[in-house]
Structures are given as structure tokens and as C-alpha cells.
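Here the structure comes first, spelled out in C-alpha cells, and everything after it is commentary.
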Number of protein chains: 2
Amino acid sequence: MVEQRDGVGPRTRRATLRDVGALAGVSFKTVSRVVNGEPGVSDELAERVREAARQLNYRPNHTASVLRKRDGRSMSIGLIVEDVVNPFFAAIHRGLEAAAMDGGYSVLTGSVLDSTTRERELVETFSARRVDGLVVSPNDDLVETLALERRNGVVVVYIDRLPGRLDADAVVSDNRAGARAGVEHLLASGHRRVAMVGDTHTIHTAEERYLGYVEAHAAHGVPLDQTLQARDVHGGDAGTEAAGRILDLADPPTALFTAQNMLTVGAVRALRARGLEHEVALVGFDDFLLSDLLDPPVTVVAQDPDQIGRIAAERLMARIEGDMSPPQVHVVPTTLLPRGSGELPLAAGG
Amino acid sequence: MVEQRDGVGPRTRRATLRDVGALAGVSFKTVSRVVNGEPGVSDELAERVREAARQLNYRPNHTASVLRKRDGRSMSIGLIVEDVVNPFFAAIHRGLEAAAMDGGYSVLTGSVLDSTTRERELVETFSARRVDGLVVSPNDDLVETLALERRNGVVVVYIDRLPGRLDADAVVSDNRAGARAGVEHLLASGHRRVAMVGDTHTIHTAEERYLGYVEAHAAHGVPLDQTLQARDVHGGDAGTEAAGRILDLADPPTALFTAQNMLTVGAVRALRARGLEHEVALVGFDDFLLSDLLDPPVTVVAQDPDQIGRIAAERLMARIEGDMSPPQVHVVPTTLLPRGSGELPLAAGG
DNA sequence: ATGAAAGCGCTAACAT
DNA sequence: ATGTTAGCGCTTTCAT
């Protein structure tokens with residue numbers, strides 16, 4: 001018998017295949033067959049087994065099953081992101097979870113929070129828990145850590161960024177084209193002094209967006225002005241400061257291109273502080289909640305994080321199930337959403 | 001030997017305790033001792049074992065270890081929320097994860113997305129994976145499903161809402177006091193016609209916030225006006241519509257109290273559409289990103305979701321580790337953040 | 001200080 | 001159609 005106890009307290013013994021078999025008067029292997037829907041059990045026995053399972057509130061022990069199974073797949077994947085609170089990663093999380101669920105996989109999540117120690121811990125914890133695959137934003141340290149796990153058969157898919165050497169599938173936004181489209185949008189309406197505030201240049205994503213900014217200028221034959229470029233700016237507060245510094249120049253820009261979410265918000269604050277939000281145009285990379293409710297509504301180059309998460313899950317599952325084709329980069333298109341801040345009339349003096 | 005293979009493809013065989021033992025020339029039990037930091041291994045052997053483990057890139061199989069262990073704890077907990085993209089739940093997720101990590105627990109997450117089927121699936125999947133505990137927002141269906149798992153020893157902590165019968169720990173915001181404070185803030189500055197837009201009344205949280213609204217009126221001796229109350233409003237669009245209907249009344253309110261995140265945003269849209277954002281005051285329950293950048297900045301009653309997640313994790317871990325005290329409700333205080341929309345001067349005609 | 005044997009709950013392989 | 005045996009990688013228990 002299985003002893004059970006109510007209340008808030010901790011575990012009691014759970015029913016096993018054997019317990020169910022004993023109650024139903026069959027061998028535990030028959031129970032296993034019923035539970036897994038295998039053929040070769042008479043309807044009558046099967047019903048008796050199911051009834052016994054119900055009575056004992058039986059739940060298959062997934063981990064024991066994985067341990068014994070030939071392929072040893074745990075049907076779980078790990079998602080390691082910088083911060084689950086960041087809406088971009090939260091949306092990736094949701095897309096990934098939806099696709100994973102469709103494939104029968106569960107999702108473990110972890111936030112790195114800028115700690116490389118924590119990042120390594122997460123990889124090791126997830127590996128010890130025998131996830132079949134990991135979805136991560138690569139950095140040089142991490143790629144090295146992952147190499148070890150991958151030799152153990154853990155499959156990896158990169159998101160958001162590309163690693164130095166493409167040794168696995170990656171799913172990224174079309175950062176360069178998106179940035180270029182955003183900046184060209186400004187140049188096309190006559191702006192000639194378009195400043196850029198960008199994230200840490202060692203981040204692949206940031207570099208690509210910068211190249212988009214450069215390409216747009218080249219395409220329009222507009223020379224670049226170093227004084228209008230702030231790079232290696234990380235976080236909202238730094239964004240406010242960097243944008244402010246540029247706006248305060250003797251020869252200020254007529255438009256801003258901010259290459260990341262938080263930087264865009266930072267720039268909005270800097271513009272507000274100077275009462276320039278209707279004077280200086282703004283295009284941001286990556287959409288954010290309520291961008292359309294600000295005054296003026298913020299024009300952005302929107303990514304599709306849900307889609308990134310979905311595709312990452314699909315690639316990962318395909319790899320887990322044996323796809324051995326060469327690593328691919330999946331580029332997810334971006335969308336320019338003109339809302340107002342990027343379409344301000346160019347002041348006569350500009 | 002352990003065969004290994006590089007590349008993007010799926011699993012190769014992983015090294016086990018036996019493999020490491022074979023390479024180090026000791027029994028696998030000695031390896032187990034070293035890996036788990038148990039005493040009774042000479043320094044020399046221990047070093048040899050560690051070297052062998054490194055060479056073979058050994059990772060303990062956490063799931064096998066759990067299976068055999070006396071207490072059978074998996075050191076993992078499941079978080080089931082409505083939607084990981086919702087910033088409120090995302091913040092809970094982060095707080096929970098931080099506390100769980102400190103306790104050595106991993107976190108499985110799932111979004112319910114308004115599907116009771118999915119909710120039940122998640123509970124069963126997580127139970128089959130032998131999570132030690134679950135953190136969930138209760139509803140009547142779910143509480144019933146959970147009862148079964150709890151008899152199997154899965155510990156439960158409720159967040160955000162209270163269940164009908166308090167049969168486990170719960171961590172919730174001080175919804176009633178928060179709502180009351182928000183509404184009193186309006187009444188205290190002279191408003192006498194304060195409308196309310198609230199979520200589905202069967203949700204405990206929504207009901208509590210409504211009671212706070214009622215209490216505030218009673219405390220100020222202001223009679224309630226049914227025509228100013230829209231309840232059972234779910235989601236941003238419905239919020240816009242409901243707020244709009246009230247604003248269009250012959251005898252409209254001078255202030256709005258919106259009892260939920262998305263409803264607040266909906267109300268902002270309704271006010272904007274009528275050019276009333278500087279005429280009709282607004283206080284919302286639950287803070288949201290960029291609320292301070294809107295025009296006017298939105299006054300809110302802020303919750304502390306990170307703290308809710310943290311406390312939930314701590315309660316859960318305590319229960320898992322044997323705390324048998326009666327179920328408790330942990331009430332997390334809210335904070336009124338006056339930003340502008342709740343402090344508009346009351347129009348003379350109001 | 002080290003190791004051998006048993007067994008956690010399950011599936012695989014092989015009886016009957 | 002049903003059952004028996006072995007063993008996944010590990011911890012427990014007991015022996016040396």
C-alpha cells in the first residue's frame with residue numbers, strides 16, 4: 001500500500017508501476033504497457049489497470065523512464081537569457097515555449113544577469129539535469145563552456161547574436177538591414193546629421209546595427225561624423241547621458257538613431273529634458289511596450305522575438321532528433337514602424 | 001571508453017561514474033565519493049579521480065542521483081503563470097529564480113495563456129518530472145487538479161491570488177489596501193465622481209481591489225454611483241472601450257481608477273482619444289514600464305512582483321524541507337507613486 | 001580508506 | 001497476451 005498524508009508538508013511515497021500492478025493484480029510490466037499505450041494488453045486488463053492507477057493517483061516517473069530509455073532523451077530544453085524581465089527575451093521565451101510544447105518538450109529557464117559565473121553555473125546545472133538542448137545568446141566565454149557540453153551530446157542553438165565561429169545553428173534578427181532601413185528612413189526625409197547611440201561594440205548585434213547605420217549613409221552619399229556617434233553605451237541611464245551629450249553639441253544632430261531598446265528610452269528622456277522631442281527626430285531599434293503612447297509616438301525598427309523563439313525551438317528539436325546538416329543562420333526580418341518620432345518635419349535651420 | 005563526436009548533431013554517450021573510475025583505476029564508488037565531496041578518500045586518489053573526470057568531461061547525472069536518493073528530491077520547482085511576457089509575471093519569475101538559485105533549486109516555467117487544458121497539462125508534466133514544488137496562481141479548476149498532486153507530495157505555493165479555501169501558503173499584494181489608498185488619494189484631493197474599471201470579478205484580486213474602492217468611498221462619506229463602475233473588463237481593448245463608455249456619460253467622472261495594468265493602458269488610450277488626459281485624473285493599480293514617460297505621467301499603485309517571487313520561493317523551499325506549520329498568507333505591501341495623472345487640478349465645474 | 005552488492009522506477013529484450 | 005530478467009547511473013548499506 002501507499003501511505004498518503006494531506007497537508008502543506010513535504011513528500012509522501014508516490015505510487016509506482018509495481019504498486020499499481022499489485023492493486024490491479026497484474027505484473028508491473030503490464031501496467032507499463034498500459035501507461036505507455038503499448039499494444040498487447042486485453043481491454044479488460046487495461047481498464048482494471050487504469051482504474052488502479054486512478055485510485056493510487058499514479059504519475060509516471062518521467063526521470064526514471066528517461067534513465068532507462070535507449071536514447072536517453074529527457075525531452076527538456078534549457079533557455080538561458082540575459083534577463084527574463086527584458087521584454088525581448090520574455091517574448092523569445094514565450095515563442096520557444098509554445099513550439100517546445102508542441103514538440104513535447106519542457107523548458108527550463110535561467111537569467112544570467114550579467115554574471116559570467118552564473119552563466120556557467122546555469123549551463124552546468126542544466127547539463128547535469130540532462131537537458132537535450134540549450135538555447136543561448138553566445139559570448140566568447142560561453143561558447144567555450146558550451147563546447148564541453150556539446151561533446152556530451154547537448155545540442156545548442158544560438159539566439160540574438162552570432163558567435164565568432166558559427167559552429168551551431170543561430171537565429172538572429174536582420175540587424176544590419178533593419179538598422180539600415182531605420183537610418184535610411186531618416187536620411188530619405190532630408191536629415192543630414194543623424195546621430196547614433198549604440199551598445200557595447202563587442203556585442204555582435206551592436207556591431208551589425210552600426211554597420212547598417214554606416215551603409216545607410218554610404219547609400220545616400222552622406223559623410224559620417226564621428227562626433228555624432230556614441231558607441232559602447234550600455235543601459236538606459238547611460239543612454240540618456242550619451243544622447244544628452246550629443247544633443248548639447250554646438251552643431252547638434254537633427255535626428256537620432258538608437259540601436260537598442262533601453263537606449264531608445266534613454267534618448268526619449270534626454271529629448272524630453274531639453275524639450276526637443278518634437279524637434280529632433282528619433283528612430284529606435286527594437287520595439288517596446290507603449291512606444292505608441294509616448295508623445296510623439298516612437299518610430300521603431302521592430303524585431304520579432306516570438307518568431308526567434310519559435311524558430312530556435314524548431315531548429316533545436318530537429319537537431320536533437322538527428323538533423324546533421326551544416327549549421328545555419330536563420331535571419332528573421334525586422335519591420336519599420338513609422339509612428340511619429342521618425343517623421344517629424346525637418347526644421348528649416350537643419 | 002567513451003566515444004565522442006563533434007558537430008551539431010545529437011547525443012553521444014556520456015561518461016559515467018564507472019568510466020571515470022576505470023580511467024582512474026578505482027571503483028566507481030570512490031568516484032562517487034569524490035564527486036559528492038564525501039570524506040574517506042585519500043588526497044592522492046581524489047586528485048587522480050578529478051583528473052580523470054576532467055579528461056572525460058564527466059557531468060554527474062542529476063536525475064539518476066535523484067532517483068536513487070532516499071528523499072528523492074529533484075531540487076527543481078515549477079512556476080506556472082498566465083503569461084511570461086506579462087511584465088508582472090516576468091518580474092515574479094525573476095525574483096523566484098533568484099531565490100531558488102540561492103537554495104540550489106532549478107526552475108521550470110510554463111505559460112497557461114488562458115487555456116485550462118494547458119494549465120492541467122503543465123501541472124501533470126511538471127509532476128511527472130518530479131518537481132518538488134509548484135508556484136501557481138490558483139483558480140477553482142486548478143486547485144482541484146493540484147489536490148491530486150499534493151497528495152503525492154508536491155508542495156504548492158499560491159501567488160497573486162488567494163484560492164477559495166486557503167489550503168497552502170499564498171503570497172499576494174495588499175490589493176485591498178492598495179486600491180483603497182489609490183482611490184483615497186483621489187477623494188482626498190476633492191474628487192467626488194471617481195469611476196472604476198475592474199477585471200473579471202471572479203478573480204479574487206479584482207474583487208479585493210473593488211472592495212478597496214468601496215472602502216475608500218465609505219471612509220470619505222462619498223456615495224457610490226453604479227453608473228461609474230465597469231467590472232468584468234478583461235484586457236486592454238476592453239479597457240479602452242469601458243473607460244470610453246464611462247467618459248461619454250452625460251454626467252461623467254472627474255477621475256478614473258483602473259484596477260489592473262492593461263486596463264490602465266486602455267484607459268489612457270480612451271482619455272487620449274477624447275483629449276481628456278489633462279482633464280480627468282487617473283490612478284492605476286500595478287506599475288508598468290514607461291508609465292513615467294507618458295503625458296501626463298501615470299500615477300499608480302505599484303506592486304512588488306520581484307518580492308512576491310522571492311517570498312514564494314522561500315516559502316516553497318521551507319515547505320519542501322519539512323516546514324509543517326499551518327498555511328500562511330504573505331501580504332506584500334503596495335506603494336502609491338504619484339506622478340501626475342492622479343494629481344491633476346480638479347476642474348471648477350467638477 | 002576502499003569496494004561490492006542491492007535497488008530507486010522504469011524500459012528493453014527476451015521468455016512463455 | 002502477459003510476465004521475467006537485466007540494467008540505465010546513481011546512492012545506500014554493509015563488508016573489508
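Residue numbers start from 1 in every chain, and the chains themselves are labelled A, B, ... in the order their sequence lines are given, proteins ahead of strands. Just the heavy atoms: all of them, side chains too, but no hydrogens, waters or symmetry mates, feed the values below.
In terms of the salt bridge (charged side-chain N to carboxylate O under 4.0 Å, His left out) criterion, residue partners of A/Glu44 (sequence neighbours excluded) are, by chain and number, A/Arg48. For B/Asp140, there are no side chain to side chain contact (heavy atoms under 4.5 Å, CB included) partners two or more places apart in sequence or in a different chain. Taking B/Ala98 as the reference, B/Arg310 meet the side chain to side chain contact (heavy atoms under 4.5 Å, CB included) condition, with sequence neighbours excluded. Listed by chain and number, the residues in a salt bridge (charged side-chain N to carboxylate O under 4.0 Å, His left out) with B/Arg18 amount to none (sequence neighbours excluded). In this view, A/Arg33 and A/Lys29, A/Glu38, A/Val41 satisfy the side chain to side chain contact (heavy atoms under 4.5 Å, CB included) rule, not counting sequence neighbours. For B/Arg50, the salt bridge (charged side-chain N to carboxylate O under 4.0 Å, His left out) partners are B/Glu47, not counting sequence neighbours.
To the nearest angstrom, P of C/dG7 lies 20 Å from CG of B/Asp71. Atom CZ of A/Arg18 and atom C1' of C/dC10 are 9 Å apart (whole Å). The distance from atom CG of A/Leu67 to atom C1' of C/dA12 is 13 Å, rounded to the nearest whole Å. When the C1' atom of C/dC10 is taken as reference, atom CZ of A/Arg68 falls 8 Å away, rounded to whole Å. With rounding to whole Å, A/Leu17 atom CG is found 12 Å from C/dC8 atom C1'.
Comparing B/Tyr58 and A/Thr30, the nucleotide of DNA chain D nearest to each residue sits closer to the 5' end for A/Thr30.
More than 12 heavy atoms of other residues, nucleotides or ligands shown are found within 6.0 angstrom of CG on A/Asn36.
Salt bridge annotation for A/Arg14-A/Asp19: absent, with no cationic side-chain nitrogen under 4.0 angstrom from a carboxylate oxygen.
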With 3.5 Å as the limit, what N/O pairs link the protein to nucleotides 13-16 of chain C?
| unit_1 | atom_1 | unit_2 | atom_2 | d |
| --- | --- | --- | --- | --- |
| C/dA13 | OP1 | A/Arg70 | NH2 | 2.7 |

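In this structure, B/Phe88 and B/Ile308 approach most closely via the heavy-atom pair CZ-CD1, 4.2 Å.
Checked options B/Asp323, B/Leu316, B/Ile77; the residue passing with B/Val155 is B/Leu316 (criterion: side chain to side chain contact (heavy atoms under 4.5 Å, CB included)).
Side-chain atoms of B/Phe28 lie closest to C/dA5 of the nucleotides C/dA5, C/dC10, C/dG3.
End-to-end axis angle of the helix from C/dA1-D/dT16 to C/dT16-D/dA1, using five pairs per end and rounding to 10°, comes to 40°.
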Side-chain donor-acceptor contacts of residues 100-109 of chain B below 3.5 Å, not counting sequence neighbours, with atom names and distances?
| unit_1 | atom_1 | unit_2 | atom_2 | d |
| --- | --- | --- | --- | --- |
| B/Tyr105 | OH | B/Glu321 | OE2 | 3.0 |
| B/Ser106 | OG | A/Arg129 | NE | 2.9 |
| B/Ser106 | OG | A/Arg129 | NH2 | 3.3 |
| B/Thr109 | OG1 | A/His93 | NE2 | 3.1 |
| B/Thr109 | OG1 | A/Thr109 | OG1 | 3.2 |

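The side-chain hydrogen bond (donor to acceptor under 3.5 Å, both in side chains) contacts involving residues 155-164 of chain A comprise A/Tyr158-A/Asp167, where partners must be two or more places apart or lie in separate chains.
Of all nucleotides in DNA chain D, those with any atom nearer than 4.0 Å to a heavy atom of chain A start and finish, going 5' to 3', at D/dA1 to D/dG9.
For DNA chain C, no neighbouring residue in residues 38-49 of chain A is found when judged by any heavy atom under 4.0 Å.
Once rounded to the nearest 0.5 Å, the distance linking OG1 of A/Thr117 with CG of A/Leu122 reads 11.0 Å.
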